[in-house]
*Asks:* 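The structure that follows is given in the form of structure tokens.
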There are 2 protein chains.
Amino acid sequence: MTKYEKQIYEIVNKLTSHLTADQIFSELKKIYPSVSLATVYNNLNKLCDVGLIRRVSIEGSPDRYDRISKHDHLVCRRCGKLTDVCFEDLTSTLERQLGGAFLAYDLKVFYICPACRKKEMEQTQI
Amino acid sequence: MTKYEKQIYEIVNKLTSHLTADQIFSELKKIYPSVSLATVYNNLNKLCDVGLIRRVSIEGSPDRYDRISKHDHLVCRRCGKLTDVCFEDLTSTLERQLGGAFLAYDLKVFYICPACRKKEMEQTQI
DNA sequence: ATTAAAATGAGAATCATTATAATAAAATTA
DNA sequence: TAATTTTATTATAATGATTCTCATTTTAAT
């Protein structure tokens, strides 16, 4: 594991805010000012391949990178904001149905976040 | 609804194969040879906004478009192949937890498809 | 210390998607 | 129907995220 790989892993796991490659690049430059974006992508891909971090792709915005620990995502359909949440664990159900072929699952729940609901309410009333 | 919009809707609903914008463009050109790719994107966006079709975004490949009818997706981690599947319906559970804010959910289950499993077996034995 | 292998940096290239601006088609009104 | 307005379409340029290339540097192995 190279210093960059390690540091990127740290950043993704410390800042639980689903950073994009570019945001991780910015963070990393604080520590290693000469690092390049290509290196960030290389290491993010490597870490994803090995399964140390996970990629969260949401339509219409660049991929985000997230720690592995089991949790689901709430996505606001208005503003796109991503929030961690834990719904019931589907692993055993899926394992039962798919057998050894099963690897993982990704559950995204779309909703309107409180802030956007409020905005909508205000607009409707006018 | 314009002729293009209607036809694109038809294509997405007839061919259950999760076509990309470009593939839909190819299909549409068979009927309207002069249609442009921008029109395909415009109408796909319109249809998604209205909720008549849905976009399926998978990391590392262009967005795909799919009929609305409730089903989940199996994604092979090796070859990326997408398969329709129906797991238990989570709607009521999610509605209970999120109330009126809930809109929809997207469940992707990652696995190794039979074809890729076979390949892996063969390689392991060598 | 030498060689081989892997990682990095800088920037070019790619690919999907969106924006633009001119034209064409459709809808509305008179 | 003609004139006017609105909307959709085309072709192409622009954008933005990501990957590729290749020369250089770093790391590991002999």
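In what follows, chains are A, B, ... by sequence order, proteins preceding strands, each numbered from 1. Note that the structure is predicted; figures quoted are calculated from it, not measured.
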*Asks:* Between P on C:dA16 and CZ on B:Arg55, what's the gap in Å once rounded to a whole number?
*Replies:*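 So the CZ-P distance, B:Arg55 to C:dA16, works out to 15 Å.
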*Asks:* Is a salt bridge present between A:Asp66 and A:Arg64, judged by a nitrogen-to-oxygen distance below 4.0 Å?
*Replies:* no
*Asks:* Send over the distance from A:Met1 CE to C:dA6 C1', rounded to a whole Å.
*Replies:* 16 Å
*Asks:* Between B:Lys30 and B:Glu27, does at least one N-O distance fall below 4.0 Å, as a salt bridge requires?
*Replies:*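 Salt bridge present between B:Lys30 and B:Glu27.
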*Asks:* Under 4.0 Å from OP1 or OP2 of D:dT9: is there any side-chain N or O of B:Tyr41 that close?
*Replies:* no
*Asks:* At less than 4.0 Å, is any side-chain N or O atom of A:Lys46 found next to OP1 or OP2 of C:dA6? Yes or no.
*Replies:*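 Indeed not, no polar side-chain atom of A:Lys46 lies that close.
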*Asks:* Please state how far atom NZ in B:Lys6 lies from atom C1' in C:dA26, giving the value in whole angstrom units.
*Replies:* 14 Å
*Asks:* By nearest atom, which of the nucleotides D:dT18, C:dT8, C:dT17 is closest to the A:Tyr4 side chain?
*Replies:* C:dT8
*Asks:* What's the CZ-P distance between A:Arg64 and D:dA17, to the nearest Å?
*Replies:* 10 Å
*Asks:* Just checking B:Thr20: base, sugar-phosphate only, or nothing, at a heavy-atom cut-off of under 4.0 Å?
*Replies:*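 Since no nucleic acid heavy atom lies under 4.0 Å of B:Thr20, the category is nothing.
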*Asks:* One thing to verify: whether A:Arg55 and A:Asp49 come together as a salt bridge, which I'm taking to mean a side-chain N less than 4.0 angstrom from a carboxylate O.
*Replies:* no
*Asks:* Just call it for B:Lys3: base, sugar-phosphate, or nothing, with non-hydrogen atoms closer than 4.0 Å on any strand.
*Replies:*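 The residue B:Lys3 makes no contact with any strand.
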*Asks:* With a cut-off of less than 4.0 Å, is there a side-chain N or O of B:Asn42 near OP1 or OP2 of D:dT9?
*Replies:*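 False: B:Asn42 side-chain N/O out of range (4.0 Å or more) of D:dT9 OP1/OP2.
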*Asks:* On the nucleotide C:dA10, are OP1 or OP2 found under 4.0 Å from the side-chain N or O atoms that A:Ser36 carries?
*Replies:*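 Indeed not, no polar side-chain atom of A:Ser36 lies that close.
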*Asks:* Give the rounded distance in Å between these two atoms: CD of B:Glu5 and P of D:dT7.
*Replies:*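 For the pair B:Glu5 CD and D:dT7 P, the rounded distance is 14 Å.
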*Asks:* Pick the nucleotide of DNA chain C nearest each of A:Val35 and B:Ala38; which residue has the one closer to the 5' end?
*Replies:*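 First, find each residue's nearest nucleotide; the 5'-ward one identifies A:Val35.
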*Asks:* Checking all strands, does A:Asp22 fall into the base, sugar-phosphate, or nothing category for heavy-atom contacts under 4.0 angstrom?
*Replies:* nothing
*Asks:* Angle between ring planes, B:His71 versus B:His18, binned at 30° and 60°: parallel, tilted or perpendicular?
*Replies:* tilted
*Asks:* Please report the distance, rounded to the nearest Å, between CG in B:Asn45 and P in D:dT7.
*Replies:*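 Result: 18 Å.
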*Asks:* Verify the contact: side-chain N or O of A:Thr2 to OP1 or OP2 of C:dA6, cut-off strictly under 4.0 Å; return yes or no.
*Replies:* no
*Asks:* For the pair made of CG in B:Asp63 and P in D:dT18, what is the distance, rounded to whole Å?
*Replies:*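 Roughly 12 Å, once rounded to whole Å.
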*Asks:* Distance to the ring centre below 6.0 angstrom and angle to the axis at most 45 degrees; does that hold for A:Lys6 and A:Tyr4?
*Replies:*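 That pair does not qualify as a cation-pi contact.
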*Asks:* Quick one: A:Lys29 NZ to C:dT8 C1', roughly how many Å, whole number?
*Replies:*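 About 15 Å, once rounded to whole Å.
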